[in-house]
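One structure is given here, and the rest of the page talks about it.
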Amino acid sequence: MQTVSRPMENLGEGNVRFSQPAAANLKLLQALEGKDDLLASIPSIPAVLHSLLNELDQPADNVNLLRVAEIISQDESLAAQGLRMANSALFARGPAIDSVRGAVRTLGTSRTRDIAVSCGLIRVMPSRMQALDPVVFWKHSLACAIVARKLARSVGFGDPEKAYLGGLLHDIGYIVNLILFSEQTNAAIEKSQRERLFPGEAEYSALGFSHCQSGELLARRWNLAEALVEVILCHHHTATAVINPGLVAIVSLADRLCRTSNLGFGYAELPDPMDSWETEWIILTQHCPLASDMTWSAFVKDSESYLEEIHTLVAAMYTGS
């Protein structure tokens, strides 16, 4: 298993535990013994979604909408979701849309991407989970992706779409833990809900590792880029990031903002995730040119109306409204 050498000085206690590479966590390695088949059973990102994200990963003016419609049409459920959303009260502006091409034109590239990933990725997680509703999980992931993209653009980060993917996939380790270690993970999530804890703390206490380490494992199985693997491993302790600290800081801040804005795991955490953000912002100012010209509090204030739009969007996508 590939690992990244990480500087450990001046990190202190706390979330540094979460960024320990999977290969160095003996508890995780022991827990994985005899579970290769279960780990292999976790489906990868659907091929049609890979193709769609690749097509959309370019400036909007260069996107071929006909090609986007063609890719979406290859997946029946994805095409149906696109048509439903294009004809919903949220987006409909005239006669009913009856073609995927028309749906893509109505929704635009950003919303088409959001709808596609929500439809595609919710299939990755088992539909029945005791403690964590898959819809709640993917609502948080999609909201984090959208906020991360907005923050990346605001601070001049060079690849906002990578920030989007990082936000979308940062918590995939929960999928691993819920499938491979379901009893302990469900108990930990129930405890965090009952006591309003950060779920990673309860998870680490129960398992000896967190979704960060198990997420790193799944990310490598999915052959994700190293910068995205680092986001998944280090988003709860940005100071350990060495490949792309700016990207990790963006996703970490987006995660904090979503968790404190009723776009987390269905309850208000104590302490508030927004009580601690300074380290991430300092790292961001060191790696993104425009971050020094703004403040985190200003971004949060400007995001209030934007977060309301995200609430509306994810509600429409996941509740059929």
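Throughout, numbering of the chain's residues begins at 1 and tracks the sequence. Since the structure is predicted, the reported quantities are computational estimates derived from the model, not experimental observations.
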So do the side chains of [X] and [Y] get within less than 4.5 Å of each other, counting heavy atoms only?
X	Y	answer
Lys150	Ser303	yes
Asp133	Trp138	no
Asp114	Arg149	yes
Asn262	His311	yes
Phe91	Leu313	yes
Tyr164	Val117	yes
Ile42	Leu180	yes
Val155	Met294	yes

Does [X] belong to the same Ile/Leu/Val/Met/Phe/Trp/Tyr cluster as [Y], with side-chain heavy atoms less than 4.5 Å apart forming each link?
X	Y	result
Val136	Leu307	no
Leu168	Ile71	no
Leu65	Leu49	no
Phe137	Val176	yes
Ile250	Met274	yes

Closest approach of [X] and [Y], non-hydrogen atoms and distance?
X	Y	value
Cys258	Val147	SG-CG2, 3.9 Å
Thr238	Glu280	OG1-CG, 3.3 Å
Thr185	Asn177	OG1-O, 3.0 Å
Arg256	Ser276	CZ-O, 2.6 Å
Ile146	Ile310	CG2-CD1, 3.7 Å
Tyr267	Pro199	OH-CD, 3.3 Å

Original post:
Are Glu201 and Arg17 close enough, and set up right, to give a salt bridge (charged side-chain N to carboxylate O under 4.0 Å, His left out), and what steps lead you there?
Top reply: CA-CA 10 Å; Glu201 290 285 358; Arg17 296 170 297 161; 2.7 Å; yes
What is the distance from atom [atom1] of [X] to atom [atom2] of [Y], rounded to the nearest 0.5 Å?
X	Y	atom1	atom2	value
His50	Leu52	NE2	CG	11.5 Å
Ile72	Arg101	CD1	CZ	12.5 Å
Thr285	Leu290	OG1	CG	12.0 Å
Ser154	Asp293	OG	CG	12.0 Å
Ser141	Ile175	OG	CD1	7.5 Å
Gln81	Ile115	CD	CD1	6.5 Å

**OP:** Measure up the Trp281 and Trp277 rings against each other and bin them: parallel (under 30°), tilted (30 to 60°), perpendicular (over 60°).
**Re:**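 Judged by the thresholds at 30° and 60°, the geometry between Trp281 and Trp277 is perpendicular.
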**OP:** Pick out which of Glu216, Lys162, His170 makes a side-chain contact (heavy atoms from CB on, under 4.5 Å) with Val231.
**Re:**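 Single side-chain contact (heavy atoms from CB on, under 4.5 Å) partner of Val231 among Glu216, Lys162, His170: His170.
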Subject >> Single hit among Val104, Val68, Val100 for side-chain contact (heavy atoms from CB on, under 4.5 Å) with Ser73 >> reply: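 Single pass found, and it is Val100.
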Original post:
Does a sphere of radius 6.0 Å around CD in Glu76 hold more than 12 heavy atoms from other residues, nucleotides or ligands, not counting ones at 6.0 Å or beyond?
Top reply: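 Atom CD in Glu76 is not packed in, count stays at 12 or less.
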Subject >> Arg111 atom CZ, over 12 foreign heavy atoms within 6.0 Å >> reply: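 No, because the 6.0 Å sphere around CZ of Arg111 holds 12 heavy atoms or fewer from other groups.
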Other than [X], which residues form its hydrophobic cluster under the rule that side-chain heavy atoms must be closer than 4.5 Å?
X	answer
Ile283	none
Leu66	none
Ile97	Leu83

Polar side-chain atom of [X] near backbone of [Y] as donor-acceptor pair, under 3.5 Å:
X	Y	result
Glu269	Pro273	no
Glu230	Ile243	yes
Ser19	Cys234	no
Ser252	Ala249	no
Ser41	Leu38	yes

**OP:** Go through the side-chain N and O atoms of Asp255 and His140 and say whether any donor and acceptor fall under 3.5 Å apart.
**Re:**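 Note: Asp255 and His140 side chains meet the donor-acceptor criterion.
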**OP:** Check the pair Trp296 / Leu151 against side chain to side chain contact (heavy atoms under 4.5 Å, CB included), numbers first and verdict last.
**Re:** CA-CA 10 Å; Trp296 173 236; Leu151 178 57; 4.2 Å; yes
Subject >> Any pair counted as salt bridge (Lys or Arg N to Asp or Glu O under 4.0 Å), so long as it reaches residues 29-49, sequence neighbours left out >> reply: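 Non-adjacent pairs meeting salt bridge (Lys or Arg N to Asp or Glu O under 4.0 Å): zero.
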**OP:** Go through the steps for Leu28 and Leu217 under the test side chain to side chain contact (heavy atoms under 4.5 Å, CB included), then give the verdict.
**Re:** CA-CA 10 Å; Leu28 176 58; Leu217 283 178; 3.8 Å; yes
Subject >> Any pair counted as ring pair (Phe, Tyr, Trp, His ring centres under 6.0 Å), so long as it reaches residues 210-234, sequence neighbours left out >> reply: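 Every pair satisfying ring pair (Phe, Tyr, Trp, His ring centres under 6.0 Å) with a residue in residues 210-234: Tyr174-His211, His211-His235, His211-His236.
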**OP:** Please test Ile232 against Leu224 for side chain to side chain contact (heavy atoms under 4.5 Å, CB included), starting from the C-alpha separation and ending with a verdict.
**Re:** CA-CA 10 Å; Ile232 293 163; Leu224 297 183; 4.0 Å; yes
**OP:** List the steps, then state whether side chain to side chain contact (heavy atoms under 4.5 Å, CB included) holds for Gln193 with Phe265.
**Re:** CA-CA 8 Å; Gln193 293 168 341; Phe265 281 180; 5.8 Å; no
Original post:
Residues in side-chain contact (heavy atoms from CB on, under 4.5 Å) with Ser210, at least two apart?
Top reply: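 So Ser210 forms a side-chain contact (heavy atoms from CB on, under 4.5 Å) with Phe18, Glu203, Tyr204, Cys212, Gln213.
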